[in-house]
Amino acid sequence: MFDWTIFNPRFLLLKVAHQTGSWFVNSGDQQSQASPCCDTHVRKLLLAACALLLFMTAHCRANDAPQRVLILHAYNYTFPATTAVSEVARRQLIERSSRPIEIEAEFLDLARFPSEAHAARVAQFLHDKYEGRHFDLILSMGFGAIPFLIKYRDQFAPNVPVVFAGGTKDHFAGYKLPNDVTGVFSSFDPDKILELAERLQPNARHLMVIGGSSPNDRSWQRSAREAIERRAPRLEIITRYDFSYDALLAEVSHLPSDTIVLLLTVYSDADGRSLIPQLVATDIAKAASAPVYGPFETFLGSGVVGGYTETYASLGASAADVALEILSGTDPSKIAPHVNPRQAFRVDARAMDRWGLKRTDLPPGTIVQFHEPGLWEQHGLLVVAVASVVLIQSVLLIALLFQRRQLRRTQRSLEESEDRLNFAATSMNIGFWQFDRSTGALWVSEPGRAMFNAAKKGLWTRDSFLAAVQPDDRLLAASALEGNLKVHSRAADVRVVASGGEIRWVSIRSRSNLDEVSASDSVSGAFVDITDQKASETEAELHRQEVAHLMRVSVLGELSGAIAHEVNQPLTAILSNAQAALYLLEQDTPNLAEVQDALRDIVKEDNRAGSVVRRLRGLLKKGEPRAELIDINEMIGSAAALLRSELISRQVRVETELSASRPTVFGDSVQLQQVLLNLIVNAMDAMAATPEKQRRIWICTRETKTGTTEVIVSDSGHGIQPRDSKQLFSPFYTTKDHGLGLGLTICSTIIRKHGGTINLQNGEAGGAIARVSLPSRLMLTAAQ
C-alpha cells in the first residue's frame, strides 16, 4: 500500500533532520578533514530547508481552514425576493468555492420594525451571538441592510468586507460607502416600465402610482416621480402613497379602464400595517379594474401584467461572483459596485389575456412567461391539413362565382319581397323601430309614429317615446325598448293616449341583435296595435264571468228544494216558539224562564235562517271578483251546511278530515265556494246508482311541503270512464243527461286564475277523486 505520510510537511521535516544527522555521524572522518567554510555552508542549507517546510505547513493549514460568511437579510424571511436571492447566492458560494465555506444567516426584519431602537437591539444581539467568531465576508441582501451595516458593523464584525445585493443607485446616493463595501445594484427603470405600459395601452389617459409609507418605500417613489415627470406629461397622474390598505383596494376596483397602474414597493401603509410586497401585488391585481405593472420579478404570476425587471436568481448569482472574488484574495476596493446586467422586459401571458392586451405591441426581446402553447405549437400538422382542406374548398367556391347571374336574380327577388313586406306592414298597422342603446337614438317607421301621435319626421329619442306612454306602463315600455343581452326577444303590452283622449293598447316586440358583432348595442322590433284584441279579451272575460254566475244560479236552481227546506226548518221553529211564548204569556202567572227559553230559540233559528240566506246571496250576486284571505276549513263547513238538506234527501254522508293548522289561501271566496259546491254536487250525482249505505263523500284538507294547500273530494260512485278522462275539462263535454258541460271547465278556469291546479282521477278503492291544489302564501295578483 502507498504511504501517503510522506507528503505530510512534518514528516518531511523530521526525515530531512534525521538524514542530515546521519550524514554528519557517518562522515566524521571526512568532516575532520573538511574546511570550516564547508561546515557553515551545510548548516545554512539545513536551516533554509526547515524554514521552507514550516512555510508549506502553515500554507496547507490555511487552505484547509473553512471561510465564514454572514448573510444579513434586510427583511423578513417571508419575503419571496429574500428567499430567491439568498438561496442562489448560498448555493453558488458552496459549489464554486475552492475552500470549505461556513454560512450563517440572520433576518434584520427592518421593513416591519424600522426604528433605531430595533436596529440597536439587533446589533447588540449579533455582537453577543457571534462574539469571538471571525467572519471573512458579510453578504447583504436588500438595501435596507446597508445603512445598518454602515452604522453598526464595527460593533459585531469590524473590518469585515461587505458585498451587497439589491437597491438601486438612487438608494445609495445619500451614503458614502467604505472602501471595503461593494456589490451589485438592482435596476429600477421606470422609463422602461412606462414604455411597456404605453405600448400595450396606447389610449391610456390616467396613471396611478402606488407605493407604501415606510422610508424604504419612499426611496423608490422619488425615482419613479422623476421618471414619470420626464416621460408621461400627457397622462393624468394619481399618486397613492400614504393610504389605508383597505381603502386602496376599494379605490382600485373602480378605476377607469384607460388607466395604467404602476405598483412600487409597499412594506407598510398609513396605518402602520406591515405588508409583503408580493401579497400586495396579488391583492391589487385581483381587485383592480385596470392593468397593473411593477418593477419586480416576484410580481409576475400574481396578476400583474409585467415590467422591466431582473430575476432575483441572477442578482444572487452576480453577488455570489463578487463574494467569491473577494474570498479568493482580491481587495474589495478594487471591485467597483456595478448594476446587474440581466434586465429585460417580462410579462405574464395570463394577465395580458385577461385585459385583452396584444402581444404584437410588446417591445422586441420581451420575455413572455406563463404562456400556454398555442394551436400552431401543439397541432401544427393538423393546422396544415385543415388549411389544405380550406384551400381546396376555396377553389370550389371560386367556381361558384359563375352562378353570379342566378344570384343577381335572387337579389332582385329579395328586394321585391321586402317591398311586399313593407306594404303588408303598412296595411296591418304595424310599425318597425330600432333603438341604439349607446346613443339613445330611436328610429320608428311612419305607421309606428302614428300609433304614438308623433310627428312623421324629426328626431325621436327614448324619452320622447316614453312620454307618449301611460305613466303606469313606462317602466315596462323602457325595459322592452332597451332589450336584454340574456334574452334574445321579448314583448310588452302598454297603453297609449290617442289624440282624442282614447286609450289604445300597443304591443312592443323587441329583439336584441346578439348575432351581430358590429351592432351589439342596438335593439330592433315592431309596434303592433292590439286595441281590438284587448277589447275582445275583456269582452271574453265578462262573458266568462256571466257564464260562471249562470252556472252558480243553475246549481242553486237544482238545489232549490233542498235550500227551501233548509230555510223552512228555522222558520217553522220560529213560529212554534213564538206560539209557545204567547201561550205562556196568557197564563195568570206566566213562567218567565220558559218564555225566555222560547225567545232564545227564536233568536237561534233566526240566525240560522239568516246564515242560509247570506250564503245564498253571496253565491247569487254579481260583481267584480274580490281577493281576500279565506279559511279553507270554514269554507268547507259553510258549503256542507248549505247542502245539508240535499245530502239528507239523497242519503249521502259527508266525512271530513280537516287540517288542524287551518290553512288559508288568497282569492275570491265566492268563486272557490262555487268550485267546491260543483265538486260535491258532481259527487252526489255520481253516486245516484250506488246503494244508500255506501253513499259517502270524503273531504280532506292538508298543507304540503311545497307550500300549497290541497283540498281532496272523493266519492264512492262509478268512477271515471277511460274514454272520458281526457275530455272532462273540455267545454260542453258532459257525462250527465241534463248537464251543459261547463261546470268543470269553469272550475278549471277559476283554479288557474288562483294560481292552482285541479285534476280528476279514479280512486284505488273505486269512485272518483278530485284534487285541488292552491298556493298557501299570499298571491301577488287576485283571481280575475
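All heavy atoms count here, side chains included; hydrogens, waters and symmetry mates do not.
For residues 284-330, every residue pair satisfying the ring pair (Phe, Tyr, Trp, His ring centres under 6.0 Å) rule, not counting sequence neighbours, is listed here: W220-F296, F296-F299, Y308-F345. Every pair passing side chain to side chain donor-acceptor pair (under 3.5 Å) that includes a residue from residues 352-367 is listed here, sequence neighbours excluded: R359-H371. Sorted by first and then second residue, the pairs that involve residues 110-127 and meet side chain to side chain donor-acceptor pair (under 3.5 Å), not counting sequence neighbours, are D109-R112, E116-K151, E116-Y152, Q124-D128, Q124-Q155.
In this structure, R350 satisfies the cation-pi test against F370, with its NZ or CZ atom closer than 6.0 Å to the six-membered ring centre and inside 45 degrees of the ring normal.
The main-chain N or O of T309 is found under 3.5 Å from a side-chain atom of R346 such that the two form a donor-acceptor pair. With hydrogens and angles disregarded, a donor-acceptor distance shorter than 3.5 Å links the side chain of S328 to the backbone of L324.
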Side-chain donor-acceptor pairs under 3.5 Å in residues 271-282, sequence neighbours left out?
residue, atom, partner, partner atom, Å
D271, OD2, S244, OG, 3.3
Q278, NE2, T298, O, 3.3
T282, OG1, Q278, O, 3.1

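To the nearest 0.5 angstrom, L108 atom CG is 8.0 Å from S140 atom OG. In this structure, CD1 in I101 is found 9.0 Å from CG in D136, a value given to the nearest 0.5 Å.
Using a 4.0 Å cut-off between charged nitrogen and carboxylate oxygen, D269 and R240 do not count as a salt-bridge pair. Between R205 and D258, at least one side-chain nitrogen of the basic residue sits less than 4.0 Å from a carboxylate oxygen of the acidic one, meeting the salt-bridge criterion.
Checked against the 6.0 Å centroid threshold, F135 and Y130 count as a close aromatic pair.
Between A285 and S302, the shortest heavy-atom distance links the atoms CB-O, 3.7 Å.
Partners of F172 under the ring-ring contact (aromatic ring centres under 6.0 Å, His included) rule, at least two apart in sequence or in another chain, are F143, F164, F185. With sequence neighbours excluded, no residue forms a salt bridge (Lys or Arg N to Asp or Glu O under 4.0 Å) with R225.
The local environment of NZ in K129 is crowded, with over 12 non-hydrogen atoms from other residues, nucleotides or ligands closer than 6.0 Å. In the displayed structure, I94 atom CD1 is contacted under 6.0 Å by more than 12 heavy atoms of other residues, nucleotides or ligands.
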